[in-house]
Amino acid sequence: GPREVYPTLFLALISDSGLWTKTEAASIGLKMLRRAGCGHLLAPDRTTPQFLLKFMSGSVPYIYGRKPVDEQEHIQQSLAFAAQRGWFYEEWGNMLKQMRRADSPQSELNKLLIVLEGGAETFETGTIQRGLERVVQPYLALLGCATPHDLAPFMGEGDAWWHDGFWPRFAFAVPGEADL
């Protein structure tokens with residue numbers, strides 16, 4: 001095509017609690033990333049959409065100069081690929097519930113994920129309080145774990161997340177019929 005592509009990957013591991021080891025499988029992947037020296041590419045375990053954008057824009061923490069040298073090196077590595085992140089969200093079903101509440105700080109996350117998945121070369125947002133935040137070449141790999149029970153309230157045929165394109169952006173990994 002005429003431009004570079006920065007693809008995203010949104011993956012959900014779905015199975016009943018206790019029957020499958022969703023969390024254990026994800027923790028093996030996280031350990032491998034950290035052992036390979038790529039832990040600085042991970043987003044915080046818990047974050048708001050607003051902080052995720054700030055984080056991905058490459059803002060230098062105001063306390064950077066007061067951090068020990070090893071933490072400064074970690075921050076430098078993290079800033080080198082600020083807009084390219086991997087994010088593991090355990091108990092993702094709880095996040096979905098928060099995203100549906102209009103009074104929740106997470107209520108804008110589905111819209112942000114849709115925008116990030118679009119593959120735009122840059123994404124900008126601005127507020128009076130936080131100023132302008134510019135994310136260059138955004139990429140987000142999201143892995144969430146949930147149960148079918150957690151997803152049921154959000155997966156109905158007429159649900160808004162099907163119509164706004166949120167769910168079609170996800171790949172769902174579920175146990176096969178032979179595994180049940």
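Each residue takes its place number in the sequence, starting with 1.
- Remark: Phe123 CZ to Leu116 CG distance equals 6.5 Å, nearest 0.5 Å.
- Taking CG from Leu42 and CZ from Arg34, the interatomic distance works out to 5.5 Å, rounded to the nearest 0.5 Å.
- Checked against side chain to side chain contact (heavy atoms under 4.5 Å, CB included), Ser78 has the following partners two or more places apart in sequence or in another chain: His40, Phe55, Arg85.
- The side chain to side chain contact (heavy atoms under 4.5 Å, CB included) search around Leu79 returns Val60, Ile75, not counting sequence neighbours.
- Distance alone, capped at 3.5 Å, places no donor-acceptor pair between the Trp161 side chain and the Met155 backbone.
- Between Lys22 and Thr147, the shortest heavy-atom contact is NZ-CG2, 4.4 Å.
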Could you go through Trp92 and Leu13, starting from their C-alpha distance and side-chain angles, then the distance that decides it, and tell me whether this counts as side chain to side chain contact (heavy atoms under 4.5 Å, CB included)? CA-CA 10 Å; Trp92 187 52; Leu13 297 178; over 6 Å; no
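- The distance from atom CD of Glu71 to atom CZ of Arg66, rounded to the nearest 0.5 Å, is 12.5 Å.
- The salt bridge (Lys or Arg N to Asp or Glu O under 4.0 Å) pairs that include a residue from residues 39-55 number zero, where partners must be two or more places apart or lie in different chains.
- Around the NE2 atom of His163, the shell of radius 6.0 Å holds more than 12 heavy atoms that belong to other residues, nucleotides or ligands.
- A search for side chain to side chain contact (heavy atoms under 4.5 Å, CB included) contacts involving Leu41 returns Cys38, Phe81, not counting sequence neighbours.
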For side chain to side chain contact (heavy atoms under 4.5 Å, CB included), just list the numbers for Thr48 and Gln106, CA-CA rounded to whole Å, side-chain angles, deciding distance to a tenth of an Å, and then say yes or no. CA-CA 6 Å; Thr48 62; Gln106 304 297 353; 4.1 Å; yes
Run the side-chain donor-acceptor check on residues 164-171: report pairs under 3.5 Å with partners two or more places apart or on a different chain.
from: Asp164; atom 1: OD1; to: Phe166; atom 2: N; distance (Å): 2.9
from: Asp164; atom 1: OD2; to: Asn110; atom 2: ND2; distance (Å): 3.3
from: Trp167; atom 1: NE1; to: Phe154; atom 2: O; distance (Å): 2.8
from: Arg169; atom 1: NE; to: Glu117; atom 2: OE1; distance (Å): 2.8
from: Arg169; atom 1: NH1; to: Gly165; atom 2: O; distance (Å): 2.5

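- The side chain to side chain contact (heavy atoms under 4.5 Å, CB included) search around Ser57 returns Ser59, Glu133, Val135, not counting sequence neighbours.
- Gln72 places a side-chain N or O within donor-acceptor distance of the main-chain N or O of Tyr64, the cut-off being under 3.5 Å.
- Closest heavy-atom contact between Pro44 and Phe51: CG-CE2, 4.0 Å.
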